[in-house]
Asker: 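Pasting a structure here, questions to come.
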Amino acid sequence: PAPVRRLPALRHPGAANDPAYQFTNGDTITLEAWVRCDQISGGQNQYIIGKGRTHREGFAKDNQNWALRLRGDDGRAKLSFLFRSEDEQGKPGEYHRWTSQRGFGPGKRWHHLAVTYRFGEPKSLRAWLDGKATGGKWDLGGATKRPPVTDERSEEHTSELQSRRKLVCRLLLEKNK
């Protein structure tokens, strides 16, 4: 696929109040992207798209609603899905990260990624890399049935891959009840 435009960040001014970007238990999020990743370091997380974590004044430091990222591991770029759970009685919210078993080597080749997840059902997560299903594991915060945090003021959807060396071609975000 041909790249569309390189942008430092995608912003949706209406996302703060748009229910399409707000998820709770029982909602399914599907994220799909064509990406090219020229390089990635071990342990590095590169955002493809995410809601929250704006680092702007007036926002909580941990206002990450959800994100699709690449995670560097053993010289490979692996799919990574992240969300932060809501606080519970006496227990603060925490990050929950799922990372794929399969990955791809950085380079000039385009790769198709897709992830679908029904919040509240940790075993529902499914992921595909270049048309092939891949397993994975919840490697941060563990699997949880806790609902995701929703920061209704957060409008920013970031993409670190949209830079000179890393590029996102096309994104799809879908919500189903």
Asker: Rounded to the nearest 0.5 Å, how far apart are CG of Leu70 and CG of Leu113?
Answerer: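 If I round to the nearest 0.5 Å, the distance is 6.0 Å.
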Asker: State which residues pass salt bridge (Lys or Arg N to Asp or Glu O under 4.0 Å) with Lys91; sequence neighbours excluded, sorted by chain then number.
Answerer: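 Partners of Lys91 by the salt bridge (Lys or Arg N to Asp or Glu O under 4.0 Å) criterion, ordered by chain and then number, come out as Glu94.
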Asker: Salt bridge (charged side-chain N to carboxylate O under 4.0 Å, His left out) for Arg118 and Asp27? Distances and angles first, verdict last.
Answerer: CA-CA 6 Å; Arg118 180 179 297 269; Asp27 291 343; over 6 Å; no
Asker: Short question: side chain of Asn25, backbone of Lys145 - any donor-acceptor pair under 3.5 Å?
Answerer: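 Side chain of Asn25 to backbone of Lys145: a pair is present.
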Asker: Indicate the atoms forming the closest heavy-atom contact of Gly93 with Arg84, along with that distance.
Answerer: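 Looking at all heavy atoms of both residues, the shortest contact is O-NH2, 2.8 Å.
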Asker: Quick one: closest heavy-atom pair of Ala127 and Val115, and the distance?
Answerer: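 Heavy atoms of Ala127 and Val115 come nearest at CB-CG2, 4.1 Å.
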Asker: Has Asp87 got a side-chain atom pairing as donor or acceptor with Pro92's backbone, closer than 3.5 angstrom?
Answerer: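 Looks like no, no N/O pair under 3.5 Å.
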Asker: Say whether, by atom type as modelled, one donor and one acceptor occur between the side chain of Arg102 and the main chain of Lys78 under 3.5 angstrom.
Answerer: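 No.
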Asker: Closer than 3.5 angstrom, by distance alone: can the side chain of Arg76 be matched with the main-chain N or O of Gly103 as a donor-acceptor pair?
Answerer: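 Yes: the side chain of Arg76 pairs with the backbone of Gly103.
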Asker: List the steps and the verdict of side-chain contact (heavy atoms from CB on, under 4.5 Å) for Thr116 and Trp128.
Answerer: CA-CA 9 Å; Thr116 187; Trp128 296 265; 3.9 Å; yes
Asker: Kindly state each residue pair satisfying side chain to side chain donor-acceptor pair (under 3.5 Å) with at least one member in residues 131-144, sequence neighbours excluded.
Answerer: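 Output for this query lists Arg97-Asp139, Thr99-Asp139.
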Asker: Kindly compute the distance separating CZ (Arg126) from CH2 (Trp98), expressed to the nearest 0.5 Å.
Answerer: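 Between atom CZ of Arg126 and atom CH2 of Trp98 there are 9.5 Å.
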Asker: Are the side chain of Asn45 and the backbone N or O of Arg71 linked by a donor-acceptor pair below 3.5 Å?
Answerer: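 No.
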Asker: Fit a plane to each ring of Phe83 and Phe119, take the angle between them on a 0 to 90° scale, and name the class: parallel (under 30°), tilted (30 to 60°) or perpendicular (over 60°).
Answerer: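 Perpendicular, since the angle between the ring planes exceeds 60°.
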Asker: Please confirm whether the backbone N or O of Pro106 pairs with a side-chain atom of Arg109, one donor and one acceptor, at under 3.5 Å?
Answerer: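 No: the side chain of Arg109 does not pair with the backbone of Pro106.
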Asker: State which residues pass ring pair (Phe, Tyr, Trp, His ring centres under 6.0 Å) with Phe104; sequence neighbours excluded, sorted by chain then number.
Answerer: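 Only His111 meet the ring pair (Phe, Tyr, Trp, His ring centres under 6.0 Å) criterion with Phe104.
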Asker: Minimum heavy-atom separation for Arg146 and Glu88, please, with both atom names.
Answerer: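 Closest heavy-atom pair between Arg146 and Glu88: CG-OE2, 3.1 Å.
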Asker: I'd like to check Trp66 versus Leu82 (side-chain heavy atoms, cut-off strictly below 4.5 Å). Are they in contact?
Answerer: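 Sidechains of Leu82 and Trp66: no contact.
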Asker: side-chain contact (heavy atoms from CB on, under 4.5 Å), that's the test. Do Ile40 and Gln46 meet it? Break it down for me.
Answerer: CA-CA 8 Å; Ile40 191 166; Gln46 296 180 353; 3.8 Å; yes
Asker: Are any side-chain N or O atoms of His112 and backbone N or O atoms of Trp34, one a donor and one an acceptor, separated by less than 3.5 Å?
Answerer: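 No, because the side chain of His112 does not come within donor-acceptor range (under 3.5 Å) of the backbone of Trp34.
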Asker: If you look at every heavy atom in Ala114 and Leu79, which pair is closest and at what distance?
Answerer: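 That would be O-CD2, 3.8 Å.
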